[in-house]
Enquirer: 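Quick one: the structure is below, and I'll ask about it shortly.
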Amino acid sequence: QLHLAESGGGLVQPGGSLSLSCVASGSSLDSWAIAWFRQVPGKEREGVACMAGNGRTNYGDSVKGRASIARNNGENTVHLQMSDLNPEDTAVYYCAGGKSSWYCGFDEYDIWGQGTRVTVSA
């Protein structure tokens, strides 16, 4: 079974950048689509970025041009980097896994991490 664990959240200055990690265990990531989501109280969960097992990527409209997802096969880890942060980027960020080597979207994910909180504030 795939297990995911996020890390890297914290306080970030407006205009700064974040770098989050999602460490996978129990299965190789090349068999899974991995996506980053974020959620704030009172709002629906929002897709941020995804990467299929074959390396295909996709990004949510609100972060296109600012976000980048990458996979480190040796570490079995997926990273999320995002620049030019603003307070609207404050959220709990989750990584999620779906069983597909090609799928890259923002639904039908079965495995979820516990989340890491990002706060963008001066």
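In this chain, numbering begins with 1 at the start of the sequence shown. Everything quoted here is computed from the prediction, not taken from an experiment.
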Enquirer: Using a strict 4.0 Å threshold on nitrogen-to-oxygen distance, state whether R38 and D89 make a salt bridge.
Expert: yes
Enquirer: State, to 0.1 Å, how close C95 and L4 come at their nearest heavy-atom pair, and which atoms those are.
Expert: SG-CB, 3.6 Å
Enquirer: Just verifying a value: how many Å separate F37 CZ and E46 CD, rounded to the nearest 0.5 Å?
Expert: 10.0 Å
Enquirer: Rounded to the nearest 0.5 Å, what separation is found between the CG atom of L29 and the OG1 atom of T77?
Expert: 7.5 Å
Enquirer: Quick one: pull up OG in S17 and CZ in R66 and give me the separation to the nearest 0.5 Å.
Expert: 10.0 Å
Enquirer: Taking all heavy atoms of A35 and all of G105, pick out the closest pair and write down the distance.
Expert: CB-O, 4.2 Å
Enquirer: A side-chain contact here means heavy atoms from C-beta on lying under 4.5 Å apart; do R56 and N58 qualify?
Expert: no
Enquirer: With a 4.5 Å cut-off on side-chain heavy atoms, are M51 and T57 touching?
Expert: yes
Enquirer: Say whether I111 and I69 are linked into one hydrophobic cluster, either directly or through other cluster members, by side-chain heavy-atom distances under 4.5 angstrom.
Expert: yes
Enquirer: For A52, does its backbone N or O pair with a side-chain atom of R71 as donor and acceptor, under 3.5 Å?
Expert: yes
Enquirer: Taking all non-hydrogen atoms of both residues into account, name the closest pair between W32 and S27 and its distance.
Expert: NE1-OG, 2.8 Å
Enquirer: Could you measure the distance from the OG atom of S100 to the CG atom of N54? Nearest 0.5 Å is fine.
Expert: 7.5 Å
Enquirer: Is a donor on one side and an acceptor on the other found under 3.5 Å between the side chain of E6 and the backbone of Q114?
Expert: yes
Enquirer: Does L20 share a hydrophobic cluster with V12, counting links as ILVMFWY side-chain heavy atoms below 4.5 Å and allowing steps through other members?
Expert: yes
Enquirer: Should M82 and F106 be counted in the same cluster of Ile, Leu, Val, Met, Phe, Trp and Tyr side chains packed under 4.5 Å apart?
Expert: no
Enquirer: Ignoring hydrogens, what is the shortest heavy-atom contact between W36 and C22? Give both atom names and the distance.
Expert: CZ2-CB, 3.5 Å
Enquirer: Calculate, to the nearest 0.5 Å, the distance between atoms CG and CG belonging to D30 and N76 respectively.
Expert: 8.0 Å
Enquirer: Determine, using the 4.5 Å side-chain heavy-atom cutoff (strictly less than), whether V120 and L18 are members of one ILVMFWY cluster.
Expert: yes
Enquirer: side-chain contact (heavy atoms from CB on, under 4.5 Å), that's the test. Do S7 and T116 meet it? Break it down for me.
Expert: CA-CA 6 Å; S7 63; T116 183; 5.6 Å; no
Enquirer: Y103 vs Y109 aromatic rings, parallel, tilted or perpendicular, using cut-offs 30° and 60°?
Expert: tilted
Enquirer: Minimum heavy-atom separation for G9 to V118, with atom names?
Expert: CA-CG2, 4.1 Å
Enquirer: Checking K64 now: which residues fulfil side-chain hydrogen bond (donor to acceptor under 3.5 Å, both in side chains) with it, not counting sequence neighbours?
Expert: D61
Enquirer: Under 4.5 Å between side-chain heavy atoms, counting indirect links through other Ile/Leu/Val/Met/Phe/Trp/Tyr residues: same cluster for Y94 and L2 or not?
Expert: no
Enquirer: Look up atom SG in C104 and atom CD1 in I34, then write down how far apart they are to the nearest 0.5 Å.
Expert: 10.5 Å
Enquirer: How far apart are the closest heavy atoms of P14 and A122, and which atoms are they?
Expert: CD-N, 3.6 Å
